[in-house]
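In what follows, a single structure is set out as structure tokens and then discussed.
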Amino acid sequence: MASKFSRSITSEVFELTAQQQLRFFVHKDILAAQSQPFQNATSDHWKEGAERKIILEDWDGDTVGRLVEFLYTGDYQYPDPELVSLGHSSVASEKGSKPTSSDVSGESTYPDRPLTPLNRCLRHGLSNGDKTVTRGLESFEPSQYDYKETLLSHAKVYALAHYKSVNLLRSLALKHLIATLSRISPIQPNSHITLNVIDLVNYVYSHTDSLASSEEPLRRLVSQFAALNFTALYTKDEMAEFISEGGDFIKDLMTKVNRRLRVAENGLDLDSKAGRFVSNIRVLHTWTDDRPLSCIEEIQGGSSDVNSHHGGSYVWLVPEYTVIPEVACTGFQISIQPTQDITKDNLAQGDSGVWRYLVPVKDQKVKEKITEVSLFGGTNRRVANVTAIGPGNFDGMTIDFNTNRGDYCLYLVWKSIVLSK
């Protein structure tokens, strides 16, 4: 019997047209399998489906090419940074080479940083086997390179993947960008990289939208990086001019700089569980069961993949923390709806049927703030309230993630503390 992939590459071929009339050809089933917008576009009921053409004229050929490469291989190649400080411009390593292994889990060299360092972003956002960032650049300092095209390539892929709801590609681009930013952090004042980061910030805030329910992931990453490297970035007139213009970036940046000041003033440590609250839970999709570090675990030893038992892609929940009570979560809800919400990540990614979303609740009037989260699941383990899981063990829970979806039940449960003021 032919495999699913073998059947896919015998399906009809569609033409994708990028800027400057650059054309790419992709099999219909390969496109349709990755996102709802592409699935709609390949339907005969749509103009694109009838003509076998999809226009992506707002996107350059390199970015569309990386989308196509991902559709067939599960990854994409991107430009290496260029060596600029030795009096000439030369490519540091072979174009499109795969990353080489490097340890990025060490602590930052800045002891006074109150925000989550980029290496913790790696531990929260990447899988166990994805700590590869250096791509053969060990002989030179990052400040000797121009990273503009490397950084922008990932941001552009992310923006296109978000636009077409190719969620696995969006997660992959974010992971690649986290790895690259980890490589260049902390940046040196007056280095060429400061201009590269300013270009990245400009692109990200021009091509993504703010979200009402949570911080947009790419905006969160670049504003976090800018806050961690604020002193170095502010040495450039371009950053001072950018800040003077105001806008969403300045709001996000000042929120994180304020957090830096508050943590420093109070001597708080985000690595310590004492005084730490859950501020959000990220939903991550992966192709394999190589689960991210620090993802939420099932308390009875079951799978941490919230999409297990139902097919589709692997789906993991990764908590984020804060030391600021005002931004702490007070609860979580499961939203089950018949239509897609492109601002959220589906808990049932890849499985047919309704869309399922995890929605954080932050009620300023509620004094109980969540400090710990876990998963509780099992076959036919339906529970009416949190006391059924164990008296005193947890303070709150969601409804079943898998309501009307089979016999395997799964709940997010949490512990809270009551603030005295």
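Computed from heavy atoms alone, side chains included, the values below leave out hydrogens, waters and symmetry copies.
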Would you mind reporting whether F25 and V68 have side-chain heavy atoms less than 4.5 Å apart? no
Heavy-atom closest pair (T42 atom, F14 atom, distance to 0.1 Å) is CA-CZ, 3.6 Å
Would you say that more than 12 heavy atoms from the other residues, nucleotides or ligands in this model lie under 6.0 Å from the CD of Q300, or not? yes
D395 side chain to S416 main-chain N or O, any donor-acceptor pair under 3.5 Å? yes
Of all heavy-atom pairs linking F24 and G61, the shortest is CZ-O, 3.3 Å
Closest non-hydrogen atoms of P37 and Q340, given as atom of the first, atom of the second and distance, are CD-OE1, 4.5 Å
Does the pair V283 and Y357 meet the rule for a side chain to side chain contact (heavy atoms under 4.5 Å, CB included), with working shown? CA-CA 9 Å; V283 179; Y357 301 110; over 6 Å; no
Could you go through the side chain to side chain contact (heavy atoms under 4.5 Å, CB included) check for E297 and L375 one step at a time? CA-CA 6 Å; E297 297 183 353; L375 293 171; over 6 Å; no
Is a side-chain N or O of T330 found less than 3.5 angstrom from the main chain of D363, in a donor-acceptor match? yes
Sub-4.5 Å side-chain heavy-atom contact between V26 and L16: yes
So, the side chain of D146 versus the backbone of E82: is there a donor-acceptor pair under 3.5 Å, distance only? no
Taking side chain as C-beta onward, heavy atoms only, is L56 less than 4.5 Å from K164? yes
Side-chain donor/acceptor of E216 to backbone N/O of L218, under 3.5 Å: yes
Starting at CD1 of I336, measure out to CG of D400 and round the result to the nearest 0.5 Å. 7.5 Å
Could you grab the distance from atom NZ of K344 to atom CD1 of I342, nearest 0.5 Å is fine? 10.5 Å
A side-chain contact here means heavy atoms from C-beta on lying under 4.5 Å apart; do I187 and F225 qualify? yes
Side-chain contact, heavy-atom cut-off 4.5 Å: L67 with V157? no
Apply side chain to side chain contact (heavy atoms under 4.5 Å, CB included) to S182 and T180, showing your working. CA-CA 5 Å; S182 297; T180 303; over 6 Å; no
Worked verdict on T339 versus W355 for side chain to side chain donor-acceptor pair (under 3.5 Å): CA-CA 7 Å; T339 57; W355 281 264; over 6 Å; no
Charged N to carboxylate O under 4.0 angstrom, R220 versus E320? yes
For Q20, does the CD atom have more than 12 heavy-atom neighbours from other residues, nucleotides or ligands under 6.0 Å away? no
Between CG on residue D305 and NE2 on residue H285, distance to nearest 0.5 Å: 10.0 Å
If only side-chain N and O atoms count, and only distance matters, is there a donor-acceptor pair under 3.5 Å linking H176 with Y158? no
Shortest non-hydrogen contact from F376 toward V413: CB-CG1, 4.2 Å
Could you tell me the separation between the CG atom of N196 and the OG atom of S191, rounded to the nearest 0.5 Å? 8.0 Å
T17 vs K53 side-chain heavy atoms within contact, under 4.5 Å: no
Side-chain contact, heavy-atom cut-off 4.5 Å: I54 with L31? yes
Does any donor atom in the side chain of S374 or W414 lie under 3.5 Å from an acceptor atom in the other side chain? no
Would you check if the side chain of N402 reaches a backbone N or O of Y408 as a donor-acceptor pair within less than 3.5 Å? yes
More than 12 heavy atoms of other residues, nucleotides or ligands under 6.0 Å from NZ of K369: is that the case? yes
Treating E57 as the side-chain partner and A18 as the backbone partner, does any N or O pair qualify as donor plus acceptor under 3.5 Å? no
Heavy atoms from other residues, nucleotides or ligands near CG of N385 exceed 12 (cutoff 6.0 Å): yes
From I184 CD1 over to L151 CG, what is the distance, rounded to the nearest 0.5 angstrom? 5.0 Å
Kindly indicate, with the supporting measurements, whether the criterion side chain to side chain donor-acceptor pair (under 3.5 Å) is fulfilled by D341 and Q337. CA-CA 9 Å; D341 183 343; Q337 54 194 63; 4.7 Å; no
Checking side chain to side chain contact (heavy atoms under 4.5 Å, CB included) for the pair S304/W316: CA distance, chi angles, key distance, verdict? CA-CA 7 Å; S304 297; W316 317 96; 4.0 Å; yes
Does the R356 side chain pair with the main chain of T403, one donor and one acceptor, at a distance under 3.5 Å? yes
Mind listing the closest non-hydrogen atom pair of F332 and T398 along with its distance? O-CG2, 3.5 Å
Could you go through N167 and H162, starting from their C-alpha distance and side-chain angles, then the distance that decides it, and tell me whether this counts as side chain to side chain donor-acceptor pair (under 3.5 Å)? CA-CA 7 Å; N167 293 327; H162 179 72; over 6 Å; no
Roughly how far apart are T63 OG1 and D58 CG, rounded to 0.5 Å? 11.5 Å
Is Y163 atom OH crowded by more than 12 heavy atoms from other residues, nucleotides or ligands, each under 6.0 Å away? no
Identify which one of D209, D248, D252 satisfies the side-chain hydrogen bond (donor to acceptor under 3.5 Å, both in side chains) criterion when paired with R219. D248
Within-4.5 Å side-chain heavy-atom neighbours: N307 and Y314: no
Is a side-chain N or O of K415 found less than 3.5 angstrom from the main chain of F394, in a donor-acceptor match? no
Which class fits the ring pair Y78 and Y76: parallel under 30°, tilted 30 to 60°, perpendicular over 60°? perpendicular
Assess whether atom CZ of R23 is packed by more than 12 heavy atoms of other residues, nucleotides or ligands within 6.0 Å. no
Tell me the closest heavy-atom pair linking R282 and N280, and the distance in Å. CG-ND2, 4.0 Å
Does the side chain to side chain donor-acceptor pair (under 3.5 Å) test come out yes or no for Q333 and S335, once each step is laid out? CA-CA 6 Å; Q333 297 176 348; S335 175; over 6 Å; no
Examine distances only and state if a side-chain atom of E149 and a backbone atom of D80 form a donor-acceptor pair shorter than 3.5 Å. no
